[in-house]
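Contents: one structure, followed by commentary.
Side chains are part of it too, since the values below use all heavy atoms of this structure and drop only hydrogens, waters and symmetry mates.
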Amino acid sequence: RALVGLEGAAYVHLDSLEFRAVGNEFDAHDNLSEGGEDEEEEDDLQDEEQDEEAFILHQGRSLQGLPQDDPPSNMRPTRRKKNNNNKKNNKNKKKKLPKIDRLTPSKGDTIQGKQTFSARIQPSQVTQSDISDVSFQLEDHNGASSGWLTVPRVSDGLYEITVDGFERYPGTQWEYTLQAKDQKGKKKSADNIAFLVGGGGSSGSNFANNGNSDSNNNNSNNNNPNKAPPASNPLPQTKVSDSTWTHAGAVQSATGRIMFEFDDDTSQSFVCSGTVVMDGPASQSPDADNGRTIIQTAAHCAYNDVLKQFASKAIFIPDQASTRGEKSNFDCGDDYYGCWYLSFAVIAEGWAEGSFPDNVPYDYAYYTVFDDQSTHAGGFANGLTGILDRDVTPMAIDFSSSPRSEFVFSIGYSADKDPKLRHCSMENTNINGVPWYTNLWLEDCAMTGGASGGPWMADMDDAGNGRLISVNSWGFTHKPGMAGPVLRTSDGSWAECLFEEAKSANDPGRVGGIIVKKC
């Protein structure tokens, strides 16, 4: 028999679960294969075909420097090759089973005290038999298994259950299994997805619940707090070339996808990344009274230096990794915080009058969004105000410290991993993309187009706070590497000057932005 706990509930605490050694009655669930169809596992449930026609990389060269109609092959989505053994025999059988993908957490992810386990589950394309039951089982760090829990459907195809109490087990590895059964009795499972429990101490459950223990304030996706807790520790400085961001925290709420279009009769959409920043003096504190929110990004994410025009339409989607959609889109109802319509951009004359790559020293920009309900749409998080820098935690920009040789966490939404938030982390060095300017450089960073404009964060802590010292700007087509512009004012950067303009300028109207000609 199957042991199902808290049927129909979306929340459970570990203290309420009973764990038993493998081989007892809990394992009977695996034999309930009504209809006689054996389960078949695909090699990687996370690999999906991406629709490359939906978006093209901005000017086709975000991070890469190529014409827009010729994105390089290393920026295209790739699919891991499957094991061909018995492929022909299993092909038709697999098509008759339910489909499970978009698992969260993914294999190897690190979670905190409270975690929402979710997956997209769809009927077989062959049988079209509706999903009748989705079940979830945990295996703890000692190898003991919980009973099977019913996972409710929270939206079309999306199933979620939240488990609390992991903060008591820092540094341990757990596994979970998710199983779907359709009305014909056909079953598909994602088995033994291993994950790590991170942190300890005061992180834990409060970290995943905005530091608030009131159960009425639980969010649908507790991986993604909109306020970080006060207690924190330095984030380990581990070198990473390209990986999914699993630390959650304030920076995940502040970093978002920018989607934009130009008035060029092509109806093409472009994707970049950006970060909500503190808009008080020198970006060291928020300003709740200036009636606007400021977003740091790259200049090429706001102004096309070929067309010589600002984006005609742009939206910002904070924490787009928590979307209930399949990938980036203009449907704000898919997204955790919803989205904000950007009011105007501010760039330097050096970017607008130059052309790539000669203008890379000025590849930074600021979007302004007015604090008005009309600028916000959608969102399924509890308690949204519609004011961007109140709903998320803004980051501080460092315009004064030397950024060179800092250990950096570079974060962004690579288009080929859409909608996942990605990062690389390592000590930055220098590179001359053009002879007369020395960019900051992350030698082994392998993020791709779409990550442009995402933040370079120094002194990161496990609450997701740090100093923003640069943004993703450009890279090479034939090897890894990420360049960023210098934002330090004393080094000649105009960034702080543009920032001040974004905080105070009037809306320029249909032109879409302001070109600063003197700092």
- Query: With a 3.5 Å cut-off and no angle check, do the side chains of Ser269 and Glu261 form a donor-acceptor pair?
  - Reply: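 Judged by distance alone, the side chains do pair up.
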- Task: Would you tell me whether Asn290 and Asp279 have side-chain atoms, one donor and one acceptor, within less than 3.5 Å of each other?
- Result: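 Asp279 and Asn290 do have a side-chain donor-acceptor pair below 3.5 Å.
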- Pairs in or reaching into residues 498-514: which pass salt bridge (charged side-chain N to carboxylate O under 4.0 Å, His left out), with residues at least two apart or in two chains?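 Output for this query lists Glu500-Lys503.
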- Qualifying salt bridge (charged side-chain N to carboxylate O under 4.0 Å, His left out) pairs, either residue in residues 344-357, two or more places apart: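 Listed by first then second residue: nothing to list.
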- Item | Heavy-atom pair of closest approach, residues Cys519 and Val516 |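 In this case the closest contact between Cys519 and Val516 is SG-CG1, 3.7 Å.
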- Item | Thr448 to Ser414 - nearest heavy-atom pair and separation |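 Heavy-atom minimum between the residues: N-OG, 3.2 Å.
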- Message: Which residues pass the side-chain contact (heavy atoms from CB on, under 4.5 Å) test with Ser402, not counting sequence neighbours?
- Response: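 Checked Ser402 against side-chain contact (heavy atoms from CB on, under 4.5 Å); matches are Arg404, Arg488.
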Compare all side-chain heavy atoms of [X] with those of [Y] and state whether any distance is below 4.5 angstrom.
X	Y	value
Thr368	Ile294	yes
Gln320	Tyr413	yes
Ile317	Tyr336	no
Met457	Leu468	yes

Would the [X] and [Y] ring centres measure less than 6.0 Å apart?
X	Y	answer
Phe380	Tyr337	no
Phe195	Phe117	yes
Tyr367	Phe344	no
Tyr364	Trp351	no

Looking at residues at least two apart in the chain, or sitting in another chain, which of them share a ring pair (Phe, Tyr, Trp, His ring centres under 6.0 Å) with [X]?
X	result
Tyr341	none
Trp340	His376
Tyr366	Phe499

All side-chain hydrogen bond (donor to acceptor under 3.5 Å, both in side chains) counterparts of [X], not counting sequence neighbours:
X	answer
Ser405	none
Ser285	none
Asp372	Ser374
Asp334	Asn329

- Residue pairs involving residues 412-483 (criterion disulfide bond (SG atoms under 2.5 Å apart); sequence neighbours excluded):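 Those involving residues 412-483 are Cys424-Cys445.
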- Query: With Thr293, which of Asp389, Asp391, Thr375 fulfils side chain to side chain donor-acceptor pair (under 3.5 Å)?
  - Reply: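 With Thr293 as partner, Asp389, Asp391, Thr375 yield a single side chain to side chain donor-acceptor pair (under 3.5 Å), made by Asp389.
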- Item | Side-chain (Asp462) to main-chain (Leu235) donor-acceptor, under 3.5 angstrom |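 Between the backbone of Leu235 and the side chain of Asp462 there is no qualifying donor-acceptor contact (under 3.5 Å).
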- Query: Within 45° of the ring axis of Phe330 and under 6.0 Å from its six-membered ring centre, is that where the NZ or CZ of Lys313 lies?
  - Reply: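 The answer is yes; both the distance and angle limits are met.
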- Message: Going by ring pair (Phe, Tyr, Trp, His ring centres under 6.0 Å), name the pairs with one or both residues in residues 415-467, residues two or more places apart or in two chains.
- Response: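 For residues 415-467, and leaving out neighbouring residues, the ring pair (Phe, Tyr, Trp, His ring centres under 6.0 Å) pairs sorted by first residue read Trp245-His423, Trp441-Trp474, Trp441-Phe476.
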